[in-house]
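Notes follow once the structure below has been shown.
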Amino acid sequence: MTAQFTRGKLHVLSEPDEVAKLTRALRGVGRKVTLVPTMGALHGGHRELLRRARRIQNTVLAASIFVNPLQFGPGEDLDRYPRTMDADLQKCRAEGVELVFAPTATTMYGEDAQVTVHPGPLGDQLEGAVRPGHFAGVLTIVAKLLNIVRPDYVFFGEKDYQQLVLIRRLVRDLDLDVRVIGVPIVREPDGLALSSRNAYLTPEEREQAGCLFLALSEAAERSRAGERNPAVLVATMAREVGATPLAALDYAAVVDEATFEPPAELDGPARALIAARFPSAHLIDTLRLPAAAG
Ligand code: PAJ
């Protein structure tokens, strides 16, 4: 192995140069690298990504922990975003992570970083319309992480489905040499998708937050029953959230899974997406729509 690396041990590095040097040395001795990018405050969703990533044999499992300021808009939750580094490192150790890259904003962006990745039209839709500039920030940090770590595999959750689609396009359109792997959503017993932002919810909001999954499930049920009109499914979702006192709908949408365009009629793999604002948190969720039964 290399001088600075002991197999099976957790190495925590904060300098991009050190990380690049270490992973280059590991590649030099034939090791592949798998990366799981996160913003920390690790929960069961992140742990599922780490577990799936660890199943790829004979690779070094790396995770990044970085609350990326570039993907937060003015007035968003950058300052209060949960930061739980010690607990995160414990979880990484428990999941067999061998390298954690935890940079600071200054080392990542310096004083004068100016060039960013432009996500294209999909970056302005849905979540991008609610959070202008968000996806440019996401794609810029992901491109940087991929360039520093140079992983063979990189894992992302389907919970942030539009993010996953945009990252696949980033890799395709900029010819990046990495395999992107998507992981299904981990949920609470009432269906609420695990999220670091769930910690913001008051008990009353938490009780009502199941409405997102309920809305998606109703749309899926109608689709299974033969409803082919996306507008009907969108109206079904909007009604469910509208009936939840503390929730305000940001968007409900049905998109073609391959193109991410809203289909005129459902005739192939499609996905429902939903986002709602509670007084304390903006929450998103998604579900694949089943084809009609029979
Ligand atoms: P973060 O919100 O920390 O999420 C890190 C990864 O965990 C993402 O790929 C996300 O989709 C996945 N994830 C979160 N909750 C999940 C759940 N309940 N089930 C399955 N996967 C889940 O997403 C980001 O960070 C950032 O935008 C990042 C990609 C790290 C760039 O800064």
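Remember, it's 1-based here, ligands and their atoms both numbered in the order they're listed.
Within the listing of ligand 1, atoms 8 (C), 9 (O), 10 (C), 11 (O), 12 (C), 21 (N) sit less than 4.0 angstrom from a heavy atom of Gly157. For ligand 1, the atoms closer than 4.0 angstrom to any heavy atom of Phe156 are 9 (O), 29 (C). Atoms of ligand 1 lying under 4.0 Å from at least one heavy atom of Leu194, given by number and element, are 15 (N), 16 (C), 17 (C), 18 (N).
Between atom 30 (C) of ligand 1 and the options Leu139, Leu49, Thr38, Val67, the minimum heavy-atom separation is to Thr38.
For ligand 1, the polar-atom distance check against Gln71 finds a nitrogen or oxygen pair separated by under 3.5 Å. For Met39, a nitrogen or oxygen atom sits less than 3.5 Å from a nitrogen or oxygen atom of ligand 1, counting backbone and side chain alike. For Asp160, a nitrogen or oxygen atom sits less than 3.5 Å from a nitrogen or oxygen atom of ligand 1, counting backbone and side chain alike.
Contact annotation for Pro184 and ligand 1: only backbone heavy atoms (N, CA, C, O) come within less than 4.0 Å of the ligand. Counting heavy atoms closer than 4.0 Å to ligand 1, residue Ile141 contributes side-chain atoms (C-beta onward) but none from N, CA, C or O. Contacts of Gln163 with ligand 1, taken as heavy-atom pairs under 4.0 Å, involve the side chain alone.
Of all the heavy atoms in Ala41 and Ser196, the pair that sits closest is O-OG, 3.4 Å.
Partners of Arg54 under the salt bridge (Lys or Arg N to Asp or Glu O under 4.0 Å) rule, at least two apart in sequence or in another chain, do not exist in this structure.
For atom 14 (C) of ligand 1, the closest non-hydrogen atom on the protein side is His43 CE1, 3.9 Å. In terms of protein heavy-atom proximity, atom 19 (N) of ligand 1 is closest to Val186 N, 2.9 Å. Among protein heavy atoms, atom 4 (O) of ligand 1 sits closest to His46 NE2, 3.5 Å.
Figure legend: cation-pi geometry between Arg80 and Tyr200, with NZ or CZ positioned under 6.0 Å from the six-membered ring centre and within 45° of its axis.
Between Phe101 and Phe66, the ring centre distance reaches or exceeds 6.0 Å.
When only modelled atom types and interatomic distance are considered, Arg271 and Thr286 share a side-chain donor-acceptor pair under 3.5 Å.
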